[in-house]
Amino acid sequence: MMVNHKPYLDWMQLALDEALAPPQRAELEAHLADCAECAEQWGALIRVTQLLAAEPLAAPRVGFTGRFKARLAQRHSRPKEVWGAFALGLGALGASALVLPLGLGVLWTLAQIAGQPAATAALINSATATSDVLNTFGEALWVAARALGSFALGTPTLWLGALAALALTVVWFVVMGRLVRQGSLR
Amino acid sequence: MTEQDLITRARAGDETAFTGLVETYQTAIYNLCYRMLGEANEAEDAAQEAFLRAYSQLNRYDPARSFKTWLFSIASHYCIDCLRKRRLTWLSIDDEALPPHPNLREPALGPEESAMRREQSAVMQKVLSQLPPDDRSVLVLRYWYDLSYEEIGEATGATVSAVKSRLHRARGVMADMLKPEAARAPQSAKRTARPALAAEGVRR
């Protein structure tokens, strides 16, 4: 006949917690005398409880309370960081509060102009004139650059000198940068 | 000054009074964290964090309850959170040997006995580390602090029947894990095949 071991396994757990009634204790004892499998399990459970009971308390390193005080002090300083972030956010909000009305103002003005045909025509004329002036200025610059280029190509000493000056400037920036990083210049 | 006086003063913002409570419970909380996390530095961090949380939540503490149990509740929940986060980052620690704790409070032992205790301790810590966090906390609170089912329930937020079930499961799993080790142990170290029921209830 197959024996159901489950109740005995449950009783073992209760026995470990001193919560098993005497009649069941006696029944468990009788079962353990006959069942090698349950006896092995009982032995292992006893071993577990013995090992657990023998395990000492682990203590922290000396100075735990001092380290706690230091952490608490550090924690107190955190609200300042929070306030800093809050102030930054508030500043950003303020800046956008300034920019937003300005942008809305520009849009509103453009909408007003678009509503008046004469003003729109004047605005288009003004934009065309500004564009013409900028084009003329750009062309003049282009002509000047071409003239300077042909002159430089004709006189190699000039552009060699220019390159040397550029190289010296780069060297100066590099040296100064290093000195500043090393803290020699304060 | 009594514990209640210290708590009252700490609730009024007296850090020195709270430091007194830290002094009293540092080993208990640290040991809980160490048994839960298995590593001394992590245990130190967790214990410190548990006390900081306790200090900041002191106004939520109900003086009708045990202060120690309340601290255990904060520390065990924090450790369970740490273990869950760790599970996301660590693939497995199954085969890693856990380093022995440098500062175990036990009586002075001879070299041989001391070596055996260290080995036993390492086995115990490894077996503990393989239990689910919730089961582990129940087991630690039961065996290191001798808390009742009700107190463990209060500390872990579980019902008494859940506590019993976790405790039984944890012991069963540990017994299964220790069976192969027992089989490898020298004959002299083996216990009798059927330990008497008189050995039951071996607790701290």
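Treat the numbers as computed from the prediction; the structure is a model and nothing was measured. The figures that follow rest on heavy atoms only: side chains count, while hydrogens, waters and symmetry mates do not.
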### Query
How about residues 156-167 of chain B versus chain A: which residues have heavy atoms under 4.5 Å apart?
B:Leu167
### Check: B:Arg171 side chain, A:Thr49 main-chain N or O, donor-acceptor pair, under 3.5 Å
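Checked: no pair found.
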### Message
Has B:Gln48 got a side-chain atom pairing as donor or acceptor with A:Phe64's backbone, closer than 3.5 angstrom?
### Response
yes
### Query
How long is the span from the CG atom in B:Leu128 to the CD atom in A:Glu55, to the nearest 0.5 Å?
8.0 Å
### Query
Is B:Asp45 salt-bridged to A:Arg67, going by a charged N under 4.0 Å from an acidic O?
no
### Query
Given a strict heavy-atom distance threshold of 4.5 Å, which part of B:Leu32 is in contact with chain A: side chain, backbone, both, or neither?
neither
#### Entry: Engaged part of B:Ala47 at the chain A interface, taking heavy atoms whose separation is under 4.5 Å
both
With side chains defined as the heavy atoms from C-beta onward, is the minimum distance between [X] and [Y] less than 4.5 Å?
X        : Y       : answer
B:Val22  : A:Lys69 : no
B:Tyr143 : A:Leu51 : no
B:Asp176 : A:Gln41 : yes
B:Phe18  : A:Leu72 : no

Closest heavy-atom contact between [X] and [Y]?
X        : Y       : result
B:Met124 : A:Leu52 : SD-CD2, 3.6 Å
A:Pro60  : B:Tyr30 : N-CD2, 3.4 Å
B:Gly172 : A:Gln13 : N-NE2, 3.8 Å
B:Arg35  : A:Pro56 : NH2-O, 2.7 Å

